[in-house]
Amino acid sequence: MSKITRDTLYECVREVIKGSKDKQRKFNETVELQIALKNYDPQKDKRFSGTVRLRHIPRPKMKICILGDASHCDEAKANGIPFMDSEALKKLNKDKKLVKKLAKKYDAFLASDTLIKQIPKLLGPGLSKAGKFPTILTHADNMVAKVDEIKSTIRFQMKKVLCLATPVGHVQLTEDELAANVGLSVNFLVSLLKKNWQNVRALYIKSTMGKRQQLY
């Protein structure tokens, strides 16, 4: 069970939201969960990686592009979702710079099940290198729901350092919504750690421009 009390969680969430209202910015600030680990050796210990779907979309402005067959491209067009067909991908001509530019332009990609196997052939390894290889999209899937699912999913990935940060919400969520996202994220992260809470040195939440609040 979580070592963070409900009171502490709500107090931190309240402070983050209050801070953003006291000093309003011209954009919707993202709220990030910052994690400091201990008793972990990134060189020796197995590096963890995991994704969890949050109840409320943490990054509503996340840009997603559909790499689609004809019917998926039509569906994307009807829903105002950016898309590219195989002809548009062929035009990039596996040019590393153009593929890198494409990977930079979007936060994530969805690809038709009929097209996904051709992606490495059409684009080379560029999207994989950027950590943005497409998620599969079938004709049985609801495209809009699938896009929302990707926007709701966050990843925790251990790199070479003992600090991590991941977006868990934004300041326009209600206290309850943000608290639900933070609570779910923390519990999922702890479940990934070898010694659970014994590996956690400190936890903070912070809005883009705000002060950080210590959860643990």
Side-chain angles (χ1 to χ4, degrees), residues 13 27-33 48-92 98-157 165-189 191-192:
V13 163
F27 65 95
N28 182 9
E29 292 178 69
T30 297
V31 176
E32 205 172 52
L33 174 67
F48 58 81
S49 175
T51 57
V52 61
R53 185 176 180 181
L54 301 181
R55 288 180 201 151
H56 309 282
I57 293 175
R59 290 189 295 166
K61 287 197 169 170
M62 189 179 179
K63 287 190 285 192
I64 294 168
C65 180
I66 310 290
L67 310 177
D69 56 23
S71 84
H72 274 150
C73 286
D74 289 343
E75 196 182 336
K77 194 175 181 179
N79 287 294
I81 301 166
F83 64 91
M84 290 175 83
D85 59 12
S86 58
E87 288 307 309
L89 297 175
K90 275 177 196 163
K91 279 178 189 162
L92 297 178
L98 293 176
V99 174
K100 203 172 175 181
K101 200 173 168 186
L102 175 68
K104 224 174 171 178
K105 189 176 177 185
Y106 296 102
D107 298 302
F109 295 89
L110 280 166
S112 301
D113 47 358
T114 49
L115 192 65
I116 200 159
K117 286 178 184 160
Q118 298 170 41
I119 301 290
K121 202 165 107 183
L122 290 166
L123 297 177
L127 292 185
S128 297
K129 276 185 183 169
K132 293 181 183 177
F133 192 78
T135 301
I136 194 163
L137 180 69
T138 68
H139 288 284
D141 290 327
N142 175 328
M143 186 182 285
V144 176
K146 194 85 175 170
V147 165
D148 280 348
E149 184 185 323
I150 287 186
K151 285 182 179 179
S152 305
T153 303
I154 59 164
R155 172 183 288 275
F156 289 104
Q157 191 164 17
T166 192
V168 292
H170 55 88
V171 294
Q172 285 175 7
L173 289 175
T174 66
E175 277 179 24
D176 289 338
E177 287 168 346
L178 188 52
N181 273 8
V182 172
L184 189 64
S185 306
V186 168
N187 289 337
F188 179 73
L189 165 77
S191 75
L192 291 176

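Bear in mind the structure is a predicted one, so any value in this text is a computation, not a measurement.
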Which value, rounded to the nearest 0.5 Å, describes the distance between [X] atom [atom1] and [Y] atom [atom2]?
X: Phe83; Y: Asp74; atom1: CZ; atom2: CG; value: 7.5 Å
X: Glu32; Y: Arg59; atom1: CD; atom2: CZ; value: 10.0 Å
X: Leu122; Y: Ile116; atom1: CG; atom2: CD1; value: 12.0 Å
X: Gln118; Y: Leu67; atom1: CD; atom2: CG; value: 11.5 Å
X: Thr30; Y: Lys61; atom1: OG1; atom2: NZ; value: 9.5 Å
X: Glu177; Y: Gln172; atom1: CD; atom2: CD; value: 11.0 Å

Closest non-hydrogen atom pair between [X] and [Y], with its separation:
X: Met143; Y: His72; answer: CE-O, 3.2 Å
X: Ile81; Y: Ile64; answer: CG2-O, 3.9 Å
X: Gly68; Y: Cys73; answer: O-SG, 3.4 Å
X: Gly50; Y: Phe188; answer: C-CE2, 3.7 Å
X: Leu184; Y: Arg55; answer: CD2-N, 4.3 Å
X: Leu123; Y: Leu127; answer: CD1-CD1, 3.7 Å

Side-chain contact, heavy-atom cut-off 4.5 Å: [X] with [Y]?
X: Glu75; Y: Ile66; result: no
X: Ile119; Y: Phe109; result: no
X: Pro134; Y: Leu110; result: no
X: His139; Y: Asp69; result: yes
X: Asn181; Y: Ile154; result: no

Please confirm whether the backbone N or O of [Y] pairs with a side-chain atom of [X], one donor and one acceptor, at under 3.5 Å?
X: Ser185; Y: Val168; value: no
X: Asp85; Y: Glu87; value: yes
X: Lys151; Y: Ile57; value: no
X: Lys129; Y: Lys100; value: no
X: Asp107; Y: Lys63; value: yes
X: Ser112; Y: Leu115; value: no

query = Do you see a donor-acceptor pair shorter than 3.5 Å between the side chains of Arg155 and Thr166?
reply = no

query = Does Asp141 have any side-chain contact (heavy atoms from CB on, under 4.5 Å) partners at least two apart in sequence or in another chain, and if so, which?
reply = Leu137, Thr138, Lys146

request  = For Glu175, check salt bridge (charged side-chain N to carboxylate O under 4.0 Å, His left out) against everything at least two apart and list the hits.
outcome  = Arg14

